[in-house]
Structures are given as C-alpha cells and as structure tokens.
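Computed over heavy atoms, backbone and side chain alike; hydrogens, waters and symmetry mates excluded.
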Amino acid sequence: MNSTDQIAVRLDAAATSRTAVPQFAAETGLDVPTAYRVQEAVVAHRTGRGERLVGVKLGLTSRAKMAQMGVDEVIWGRLTDAMRLPDGGTLSLADHIHPKAEPEVAFLVEGGAIAAVAPALEVIDSRYVDFRFTLPEVIADNTSASGYVVGAWQPVPDGIDNLGVLLEVDGRTVQVGSTAAILGDPRRALPEAVRLAGASGVDLTDGAVLLAGAATAAVPLRAGAHVRATVEKLGTVSLRVAP
C-alpha cells in the first residue's frame with residue numbers, strides 16, 4: 001500500500017469510526033496535488049460501499065478564508081448521495097465527530113449551466129483532532145464534507161451577488177453575512193468548479209449539485225438544536241439535531 005492509499009484508509013476509518021486522527025502533513029510531506037489524489041481515494045471508499053457521486057462543493061471561497069490559509073485559490077471536494085439530508089431533516093451527532101453548519105447557496109447544473117438555485121446548509125466535520133488542519137490536510141479530507149441540506153429549487157433571480165444571509169440556532173441569529181462573501185458573486189462558483197474538478201477528470205453532469213461556498217462562519221452543532229439559514233430572495237432551509 002502506498003502512502004496515498006495509507007492516508008486515505010486512515011481518513012476513511014476516522015470518518016466511519018467517528019474518531020478524530022492527529023494531523024499528519026508534517027510526517028507524510030503531503031502537498032496539494034497529492035492531497036487531491038488522497039481525496040479521490042477517500043471518496044472511492046465511499047462509492048465502493050454503494051454511494052453515488054452527485055456533485056461538488058467549493059471551499060475557501062471568501063477572501064478572508066483565503067488569507068487565513070495563505071492561499072489565493074479555492075479548493076473543492078466531492079458530494080455523495082449519502083451526504084444529503086432532507087430540508088427539515090434530522091442529523092445525528094452519533095454519526096459525526098464534531099460537526100458544524102454553515103449557510104450556503106446551492107446550484108443545480110444542467111447542460112453545463114446553472115439551471116436553478118436554492119438556499120442550503122452544509123455540515124462540515126473535520127476528521128482531524130480539534131478541527132485543525134493544513135491546506136493539504138483539509139483537501140485530503142474531502143474539504144471536511146459531511147452533509148448538506150438543500151431548500152426549494154427556483155429560477156435564479158437577478159442580483160444574487162449581494163443577498164443578505166442569516167444563520168439561526170433555536171430562533172436566535174448567530175451569524176449574519178452576504179452572498180458577496182462567496183467569490184464576490186456565487187455564480188462564479190460554476191466556472192471555478194468546472195475548472196478545478198475538471199482538472200481531476202470530474203465533470204458536473206446534468207443534475208449535479210454545486211455548493212458554492214459558505215456565506216458566513218460555521219457554527220458548532222449541539223444536541224437538540226434547530227438550525228435555519230435564510231437567504232434573501234431564496235428563502236429558508238433547516239435541519240434539526242437529534243437530542
């Protein structure tokens with residue numbers, strides 16, 4: 001087993017056992033190109049168990065996040081059908097390590113173009129101890145992808161480049177932001193996703209879901225919480241955390 005496979009096995013085991021692993025970039029010399037190969041292998045474990053690839057997600061789509069990580073390019077990860085939760089559905093903490101939720105904009109892709117848009121929540125759950133990682137480590141870990149919820153699909157309205165975004169927990173506003181935090185205009189996510197995923201041989205086929213990126217910081221999820229995101233003009237999307 002080569003080092004790429006060994007890292008993938010370690011990360012997949014962390015996810016399936018819900019047990020965080022120490023950071024390992026220093027010991028393995030992991031770099032970004034290798035990290036994407038690890039990501040592919042990690043997700044191959046999931047598809048080998050019967051999951052289907054259904055789309056992609058972008059990360060580090062805000063200038064603040066890029067500056068924090070010392071990079072000037074967004075990153076991307078893969079979405080599977082098993083990651084999707086229904087709007088208003090319930091998430092079990094027992095299935096995660098230390099999950100967080102963040103409000104997003106989701107796009108439905110048809111014919112290589114944006115066919116519809118919806119408010120979304122992404123659940124991120126790093127497989128690393130203390131939710132700490134380097135850039136190659138988070139890429140290898142499929143950009144912390146764990147789950148997502150998509151609200152009602154609708155035609156793309158005019159002017160979605162600066163829509164207000166609220167994230168509420170139990171009816172209390174915990175984050176306020178704007179879709180402008182997503183690449184300045186979330187519609188820019190499509191060409192970015194096509195370029196980045198395409199470089200690894202992944203195409204956004206008809207019906208693919210694209211999570212454009214977070215509009216605010218993520219918040220930790222706790223037992224019994226009700227989490228709702230509201231995106232101006234797009235409506236709301238929510239999930240509940242099991243007690």
Practice task
May I ask you to decide if I160's main-chain N or O and T179's side chain share a donor-acceptor pair within less than 3.5 Å?
Solution key: yes

Handout entry: Any L135 side-chain heavy atom under 4.5 Å of L60 side chain
Key = yes

Problem - side chain to side chain contact (heavy atoms under 4.5 Å, CB included) between V105 and V117, worked out - result: CA-CA 7 Å; V105 171; V117 63; 3.5 Å; yes

Practice task
Please report the shortest heavy-atom distance between F133 and V138, naming the atom on each side.
Solution key: CD1-CB, 3.4 Å

Practice task
Would you check if L11 and H45 make a side-chain contact, meaning some heavy-atom pair closer than 4.5 Å?
Solution key: no

Problem - Whether over 12 other heavy atoms sit under 6.0 Å from R240 CZ - result: no

Practice task
Would you kindly confirm whether L239 and L166 end up in one hydrophobic cluster when ILVMFWY residues are joined by side chain heavy atoms under 4.5 Å apart?
Solution key: no

Completion exercise
G147 and E122 have their tightest heavy-atom pair at O-CG, 3.5 Å

Problem - Whether D141 side chain and R127 backbone form a donor-acceptor pair below 3.5 Å - result: yes

Practice task
Indicate yes or no for a side-chain donor-acceptor contact from E104 to the backbone of P119 under 3.5 Å, with no hydrogens or angles considered.
Solution key: no

Problem - Min side-chain heavy-atom separation R222-D170 under 4.5 Å - result: yes

Handout entry: Residue pair W76 / V74, side-chain heavy-atom distance below 4.5 Å
Key = no

Problem - N-O pairing of R187 and D185 below 4.0 Å - result: yes

Exercise for the section: Say whether I182 and V56 are linked into one hydrophobic cluster, either directly or through other cluster members, by side-chain heavy-atom distances under 4.5 angstrom. Expected result: yes

Practice task
Can you see which heavy atom on G159 is nearest to which on L163, and at what distance?
Solution key: O-CD2, 3.3 Å

Handout entry: Hphob cluster co-occupancy, V32 + L30, side-chain heavy atoms under 4.5 angstrom
Key = yes

Problem - Pair R49 + D12: basic N to acidic O under 4.0 Å - result: yes

Problem - Salt-bridge criterion met for E192 and R195 (N-O under 4.0 Å) - result: yes

Handout entry: Spacing of OH belonging to Y128 relative to CD1 belonging to I97, to within rounding of 0.5 Å
Key = 10.5 Å

Practice task
Share the residues that join L108 in a hydrophobic cluster, the rule being Ile, Leu, Val, Met, Phe, Trp or Tyr side chains under 4.5 Å apart at the heavy-atom level.
Solution key: V54, L79, M83, Y148, V150, W153, V209, L211

Exercise for the section: Using atom types as modelled and distance alone, determine if a side-chain donor or acceptor of E137 lies under 3.5 Å from a backbone N or O of F24. Expected result: yes

Practice task
State whether a side-chain donor-acceptor pair under 3.5 Å links Q39 with R78.
Solution key: yes

Handout entry: Test log, rule side chain to side chain contact (heavy atoms under 4.5 Å, CB included), inputs L221 and H96
Key = CA-CA 10 Å; L221 295 176; H96 299 79; over 6 Å; no

Fill in the blank from the handout: When rounded to the nearest 0.5 Å, the distance separating CD1 of I124 from CG of N142 is 12.5 Å

Problem - Single-linkage hydrophobic cluster V43~L204, side-chain heavy atoms < 4.5 angstrom - result: no

Problem - Donor + acceptor pair across side chains of S126, H98 (<3.5 Å) - result: no

Exercise for the section: Determine whether L93 and P99 make a side-chain contact, defined as any pair of heavy atoms from C-beta on separated by less than 4.5 Å. Expected result: yes

Practice task
Decide yes or no for L121 and V227: does some side-chain heavy atom of the first lie under 4.5 Å from some side-chain heavy atom of the second?
Solution key: yes

Problem - Heavy-atom side-chain proximity of K57 to T143 below 4.5 angstrom - result: yes

Exercise for the section: Return yes if some donor-acceptor pair links the side-chain N/O of R188 with the main-chain N/O of L183 below 3.5 Å, else return no. Expected result: yes

Fill in the blank from the handout: Nearest heavy-atom approach of S17 to A13 is OG-O, 2.7 Å

Handout entry: Cluster overlap L53 with L196, hydrophobic side-chain contacts below 4.5 Å
Key = no

Practice task
Identify the heavy atoms of S144 and F131 that sit nearest to each other, and give their distance.
Solution key: OG-CE2, 4.4 Å

Handout entry: Distance, nearest 0.5 Å, that separates CG of L85 from OG of S92
Key = 10.5 Å

Practice task
Assess whether side chain to side chain contact (heavy atoms under 4.5 Å, CB included) is satisfied between E168 and T230, documenting all intermediate values.
Solution key: CA-CA 8 Å; E168 298 171 284; T230 302; 4.1 Å; yes

Exercise for the section: Return the set of residues passing side chain to side chain contact (heavy atoms under 4.5 Å, CB included) with E51 (not counting sequence neighbours), or none when no residue passes. Expected result: R46, T80, D81, A82

Fill in the blank from the handout: CD of E40 to OG of S200, rounded to nearest 0.5 Å, is 7.0 Å

Exercise for the section: Determine, for R18 against D95, whether the closest basic-nitrogen to carboxylate-oxygen distance falls under 4.0 angstrom. Expected result: yes

Exercise for the section: Indicate whether the side chain of Q6 and that of S3 have a donor and an acceptor atom separated by less than 3.5 Å. Expected result: no

Handout entry: From D31 atom CG to T34 atom OG1, the distance as rounded to the nearest 0.5 Å
Key = 3.5 Å

Practice task
Please round to the nearest 0.5 Å and tell me the distance separating atom OG of S178 and atom CG of N162.
Solution key: 3.5 Å

Handout entry: Nearest non-hydrogen partners of V165 and A215, listed with the distance
Key = CG2-CB, 3.8 Å

Handout entry: Student check: side-chain heavy atoms of K100 and V219 closer than 4.5 Å
Key = no

